[in-house]
Amino acid sequence: MSTKGDHHTVPLSVLLKRESANEKIDSPELVHGQFNQSKKGEDFTFVKTDCQRVMGDGVSTFSVFGLFDGHNGPAAAIYTKENLLNNVLAAIPPDLNRDEWVAALPRAMVAGFVKTDKDFQERARKSGTTVTFVIVEGWVVSVASVGDSRCILEPAEGGVYYLSADHRLEINEEERDRVTASGGEVGRLNTGGGTEIGPLRCWPGGLCLSRSIGDLDVGEYIVPVPYVKQVKLSSAGGRLIISSDGVWDAISAEEALDCCRGLPPEPSAEHIVKEAVGKKGIRDDTTCIVVDILPSEKLAASVPPPKKQGKGMLKSMFKRKGSDSSSNIEKEYAEPDLVEELFEEGSAMLSERLDTKYPLCNMFKLFMCAVCQVEVKPGEGVSIHAGTANCRKLRPWDGPFLCASCQEKKDAMEGKRDRHSSESD
């Protein structure tokens with residue numbers, strides 16, 4: 001067991017070579033189930049298993065699980081469900097081998113989220129959605145999230161890992177500071193006479209979240225840039241629980257895991273939703289996806305019950321945290337050694353998320369927009385680093401580059417341009 005302070009990121013290539021050298025380690029089998037109780041009809045899910053791709057080193061498969069909790073109508077959730085995966089995959093260069101493809105996912109997820117948001121907002125629809133988007137490739141789990149839906153992992157060895165962040169303004173001081181610095185206002189609903197009620201919201205619009213896809217009426221400082229975490233499980237596998245806030249507002253991680261322990265994914269998802277609804281009633285759409293990642297020879301069996309942890313430890317695992325909630329939570333308990341962290345980043349700045357210092361330095365083509373993948377003519381592309389502290393140190397051809405419209409969106413998200421004022425002009 002090692003604490004977070006002693007935990008070092010392990011190069012992905014090292015882990016994959018280690019796995020390849022052990023012929024006894026097979027690809028896992030995935031079994032999933034989902035359940036929903038609807039109140040507004042704004043929760044949507046996306047499940048696509050056994051997706052195939054041709055790589056430089058053969059054919060490989062991956063699976064995708066998405067949860068989209070819409071608000072102010074279902075349009076944003078439906079559009080994101082139908083387009084996000086294609087936008088993520090379009091941001092990954094062809095002819096990558098397996099370890100390069102997996103290493104490219106975190107940055108491709110950022111580009112895919114931003115493109116999906118940009119394309120949806122151009123339709124002038126004002127709904128929005130949270131997104132928790134999971135890609136499982138072999139034993140590697142990559143999660144990108146905006147909003148307050150969450151994904152947790154319980155590995156077979158025991159313990160709980162948080163693979164998403166909570167972007168509610170009420171609990172995330174770092175995100176509150178970012179929104180106000182970008183020109184937004186954060187406060188509670190004023191009922192008159194100085195009385196304020198409810199959670200902290202962003203004004204105009206009154207959204208409780210600092211990150212989402214859509215929400216054209218709120219402002220560009222509500223950004224679609226996701227928190228991304230990538231981990232590699234041991235060959236013993238584990239269980240993922242992906243749920244909307246209707247679950248997590250009612251029950252803790254311990255309660256969610258315990259109420260379905262030993263059950264297959266389908267009844268597990270139903271038990272979790274009914275446990276949450278039983279606590280607080282059906283106040284919101286309540287949706288859960290359960291995914292078991294199992295050794296192939298254990299397909300018929302559910303995930304074995306892990307060793308029980310102390311109650312005090314489990315209670316501390318699910319305290320509400322800021323945008324770096326995964327890091328903060330992991331500092332509070334000892335992690336199982338057999339789950340290895342590959343990548344974690346939550347910055348809202350595109351210049352940091354699309355930086356060429358990322359392990360796959362040649363990910364973006366010289367004359368291709370890093371977000372929308374359109375061809376950019378020589379001399380027309382704007383470096384992602386333009387206007388940053390690093391721009392003076394870079395050469396004119398140092399990318400990645402953005403097209404003019406994506407550069408405008410980047411400036412708006414960083415408070416350098418306001419969409420509403422530019423449109424009124």
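Along the sequence shown, the residues carry numbers beginning at 1.
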* **Side-chain donor-acceptor contact under 3.5 Å, Glu137 with Ser60** =>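 A pair is found: one side chain offers a donor N or O, the other an acceptor, under 3.5 Å apart.
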Spacing of [atom1] belonging to [X] relative to [atom2] belonging to [Y], to within rounding of 0.5 Å:
X      : Y      : atom1 : atom2 : result
Trp248 : Asp166 : CH2   : CG    : 11.5 Å
Cys208 : Ile222 : SG    : CD1   : 10.0 Å
Thr129 : Ile78  : OG1   : CD1   : 10.0 Å
Leu67  : Ile242 : CG    : CD1   : 7.5 Å
Asp258 : Glu154 : CG    : CD    : 8.0 Å

* **Sole residue of Val136, Leu338, Leu240, Val141 in side chain to side chain contact (heavy atoms under 4.5 Å, CB included) with Leu233** =>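 So the option named by the test is Val141.
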* **Of Gln121, Glu414, Lys410, the residue whose pairing with Glu220 passes side chain to side chain contact (heavy atoms under 4.5 Å, CB included)** => Gln121
If you define the side chain from C-beta out and look only at heavy atoms, does anything of [X] sit under 4.5 Å from [Y]?
X      : Y      : answer
Arg353 : Arg107 : no
Val114 : Val225 : yes
Thr132 : Val143 : yes
Cys151 : Ser145 : no
Asp285 : Ser244 : no
Phe68  : Leu84  : yes
Met413 : Pro224 : yes
Lys115 : Val371 : yes

* Are more than 12 heavy atoms from other residues, nucleotides or ligands located less than 6.0 Å from atom NE2 of His271? ->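 It does not: His271 NE2 has 12 such atoms or fewer within range.
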* Answer yes or no: are there more than 12 heavy-atom neighbours, outside Arg125 itself, under 6.0 Å from its atom CZ? => no
Contact summary for [X] and [Y], nearest pair of heavy atoms:
X      : Y      : result
Ala236 : Pro295 : O-CD, 3.7 Å
Val218 : Gly205 : CG2-CA, 4.1 Å
Arg98  : Trp139 : NH2-N, 4.5 Å

* Partner residues of Phe46 under the ring pair (Phe, Tyr, Trp, His ring centres under 6.0 Å) criterion, sequence neighbours left out ->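 Listed in chain order: nothing, the list is empty.
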Does [X] pair with [Y] as a salt bridge, N-O distance under 4.0 Å?
X      : Y      : answer
Glu341 : Lys229 : yes
Glu170 : Arg188 : yes
Asp117 : Lys409 : yes
Asp292 : Arg239 : yes
Lys118 : Glu122 : yes

When you measure from the side chain of [X] to the backbone of [Y], do you find a donor-acceptor pair of N or O atoms at a distance under 3.5 Å?
X      : Y      : result
Lys81  : Thr45  : yes
Thr49  : Val47  : no
Arg211 : Val223 : no
His167 : Gly147 : yes
Ser268 : Leu263 : yes

* Asked: Which word best sums up how the rings of Phe133 and Phe113 line up, parallel for under 30°, tilted for 30 to 60°, or perpendicular for over 60°?
  -> perpendicular
* Which residue, Lys279, Arg150, Arg168, Arg283, forms the salt bridge (charged side-chain N to carboxylate O under 4.0 Å, His left out) with Asp249? ->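 When Lys279, Arg150, Arg168, Arg283 are each tested with Asp249, the salt bridge (charged side-chain N to carboxylate O under 4.0 Å, His left out) holds only for Arg168.
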* Asked: For residues 250-270, which residue pairs qualify under ring pair (Phe, Tyr, Trp, His ring centres under 6.0 Å), counting only residues two or more places apart or in two chains?
  -> none
* Trace of the side chain to side chain donor-acceptor pair (under 3.5 Å) decision for Thr116 with Thr80 -> CA-CA 7 Å; Thr116 302; Thr80 305; over 6 Å; no
